[in-house]
Amino acid sequence: MDVNEILEKLNNKTEEDIKRIKKAYEFAKEAHKDQKRYSGEPYFVHPVEAAKLLAQMQLDTTTIVATLLHDVCEDGHATPQQIEKEFGKEVAFLVEGVTKLGTVKYQGVERHVENLRKMFLSMAEDIRVIIIKLADRTHNMKTLDAVPERKRERIARETMDIYVPLADRLGMGQFKGILEDLAFKYLYPKEYRWVKENIVGARKEKEIYLAKIKQKVLKELQKNNINPIKIDSRVKNLYGVYKKLLRKDMDVSRIYDIIAVRIIAKTIEECYAILGIIHRLWKPVPGKIKDYIALPKPNGYQSIHTTVFCDDGKITEFQIRTEKMHEEAEKGVAAHWAYSMAGKPKEGAKVTKKLSWINELREWQKENQETEEFLDNLKIDLFKDRIFVFTPKGDVIDLPEGATPIDFAYCIHSDIGNHCSGAKVNDKMVSLDYKLQNGEICQIITNKNKTPKRDWLKLVKTNYAKNRIRNYLKKELGIEIPVLKVKQKKEKNIELKITAANRVGMLKDILAIFQEEKINITKVNTDVRDKKNPIIIIEFSINDLQRADLILSKIKKIKGVKKITKAMLKN
Ligand code: MN
């Protein structure tokens, strides 16, 4: 083993980067000498393997250096002061963050939650701490066989409950898939083996078939002057298959996306054009087009998915995305560090690229280390409109933003809600209309003479608490409070038949309008029986008919559109 195993994975490295990584490598080697892992291997193998994982993802040199050093204080013979002196403040900060997370060992539910809390809070300081921790955990899970049996389940459970959701939330699909399957193997060994045995056969058969499909798509794309960067197939991870099997009566033949064809295109426009071409080749399965480009998933995931009745009626999923979307789906937050490093020629040069939220936050953080503004913004972005509030014992209560101590009390138990008389937040008394904040510790004070008031309905944010309060008022006091129903406009399904000139980019132009208006289409099809006047058929649902007309008028303006007919579909 030598330092080149790490260096050769890094694409853009300067002499300075190489020097720093070599120095950290030697430092860690010395600090861990004489130490062994459970497997009998030198301990030093572990930080090197973790650093290799992150070098593969093109993380910045500071993160790789910190990964090499992540255990030198806890398990090795070095001190934080030494690290700061040799490698600077930033590296020392990251190592300290990782060490702090590691000191709390999981010992049952409460400890576990305490660990979770530290994670969230450290995340607010520097996400790279979590990225290093994920690499650390991935290598530990890969070598879990060597760990004594009694410890394995705890580690696997913690991985499944904490690290997998974290990787998912941070959009790091690669880590998520690997960690999930490794945890699956130890937590449900029988199920794991079953899935593996039953899927591998199905996979092989599918792979042969997909090779043919890929050829066919490629030929068709080239005919339309589209040269995708890559067409390959992605295999669903085993735990993902297992979860789906549970919903499909364990019938493997009912899962269509065990293997999906993945097309990496050069531009967003090409993604939509490719979607059109695929739908011209094969009929789409109704309701299975998912446009995550127009409407990204909460963790930022972008791609177009469609499922079609392929050759011989075989149902096949296609995923279409750009290279950048692909990289972000695999690496998530970590991709942003890689970008900024490659995009920044020299220290001090201005980053002119439009930065994503995480990168902006990193910049702010540099300027205002630990300011409240920074922390607030990070929390908002990371957890969108959820907050996590802790009980004095350390249990996490997940609430919507704006929730009050009454919501919190009902979440714990309806008796606590019904007799809630006051609340302490971080040991200070607060009023019952206090808006709880992320990371706070809330303690509810109860009084058996205290009962719910009608006014409470205005103070609570969760439906759960509202219903409990209403029930109480009705049952105990005979007061019936009508549920105010917000009149929901019904979604209408609309079908457009657009007769348009047969030109390259036509479908793309039409779909771009839906994208602009953030309308999710549910079906796209083409009718080319009349070659001179092909028809594009689009279905979408909308609750505002005026907006539908606006879309119609926009489509009419597209060059080459000859006629549009609109029809309402029955639900
Ligand atoms: Mn470690």
Side-chain angles (χ1 to χ4, degrees), residues 1-10 13-39 41-105 115 118-119 121-123 125-143 163 172 175 333-334 337-338 341 347 362 365-366 369:
M1 193 174 62
D2 72 278
V3 69
N4 285 319
E5 286 178 29
I6 301 168
L7 292 174
E8 69 195 10
K9 293 187 190 300
L10 286 168
K13 51 181 179 279
T14 61
E15 281 306 313
E16 179 63 24
D17 294 330
I18 296 169
K19 228 172 83 190
R20 286 175 70 203
I21 292 170
K22 278 187 174 163
K23 186 176 170 188
Y25 184 93
E26 293 305 327
F27 188 96
K29 194 174 181 179
E30 177 63 25
H32 290 300
K33 73 170 181 209
D34 316 326
Q35 288 177 329
K36 294 236 178 323
R37 304 200 87 211
Y38 278 119
S39 61
E41 281 179 304
Y43 192 91
F44 182 51
V45 171
H46 166 66
V48 171
E49 288 300 322
K52 274 161 76 178
L53 285 171
L54 296 183
Q56 184 76 47
M57 294 172 88
Q58 306 304 320
L59 271 149
D60 64 309
T61 303
T62 301
T63 308
I64 290 168
V65 166
T67 309
L68 281 167
L69 302 172
H70 82 270
D71 279 331
V72 296
C73 296
E74 201 193 346
D75 298 311
H77 310 292
T79 65
Q81 290 75 25
Q82 267 176 299
I83 294 178
E84 187 169 337
K85 191 172 154 263
E86 298 293 326
F87 299 96
K89 263 209 167 110
E90 211 180 345
V91 171
F93 173 80
L94 293 175
V95 172
E96 198 195 349
V98 177
T99 309
K100 256 199 269 172
L101 283 181
T103 51
V104 187
K105 291 275 182 273
N115 213 348
K118 288 205 171 173
M119 285 261 214
L121 297 180
S122 76
M123 199 137 97
E125 290 181 62
D126 195 319
I127 299 263
R128 287 178 298 177
V129 171
I130 304 296
I131 296 174
I132 296 170
K133 201 67 198 160
L134 286 169
D136 171 51
R137 179 53 60 111
T138 302
H139 183 247
N140 284 337
M141 285 300 292
K142 281 183 175 169
T143 50
Y163 290 87
M172 301 176 76
F175 273 145
V333 206
W337 268 277
M341 189 172 64
E347 202 57 40
R362 193 169 65 106
Q365 185 197 16
K366 263 195 211 144
Q369 195 84 31

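In this structure, K36 does not pair ionically with E41, as no charged nitrogen and carboxylate oxygen lie closer than 4.0 Å.
In this structure a side-chain-to-backbone donor-acceptor pair under 3.5 Å is present from K13 to L10. Distance alone, capped at 3.5 Å, is enough to place a donor-acceptor pair between the K23 side chain and the E86 backbone. A donor-acceptor pair is defined here as one N or O able to donate and one able to accept, closer than 3.5 Å; such a pair exists between the side chain of T67 and the backbone of T63. Distance alone, capped at 3.5 Å, is enough to place a donor-acceptor pair between the Q58 side chain and the K9 backbone.
Annotation: the span from E26 atom CD to L68 atom CG amounts to 10.5 Å, rounded to 0.5 Å. Once rounded to the nearest 0.5 Å, the distance linking CD1 of I130 with CZ of F175 reads 12.0 Å.
Between F44 and Y25, the ring center distance clears the sub-6.0 Å criterion. Ring centers of F27 and F87: under 6.0 Å apart, within the cut-off.
Using modelled atom types, one finds a donor on one side chain and an acceptor on the other under 3.5 Å when comparing D136 with H46.
Residues V91 and L94 are not in side-chain contact: their nearest non-hydrogen atoms beyond the backbone lie 4.5 Å or more apart. Counting heavy atoms from C-beta on, the side chains of K89 and I83 never come closer than 4.5 Å. Residues K19 and T14 fail the side-chain proximity criterion, which asks for heavy atoms closer than 4.5 Å. Between I132 and H70, the closest side-chain pair of non-hydrogen atoms falls below 4.5 Å.
Among all heavy-atom pairs drawn from V65 and A24, the shortest one is CG1-CB, 3.8 Å.
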Problem set entry | Worked check of side chain to side chain donor-acceptor pair (under 3.5 Å) between D71 and Y43 | CA-CA 10 Å; D71 279 331; Y43 192 91; 2.7 Å; yes
Exercise. Between T62 and R128, is a side chain to side chain donor-acceptor pair (under 3.5 Å) present by the stated rule, with each step listed?
Worked result: CA-CA 10 Å; T62 301; R128 287 178 298 177; 4.8 Å; no
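At most 12 non-hydrogen atoms from other residues, nucleotides or ligands lie less than 6.0 angstrom from NZ of K22.
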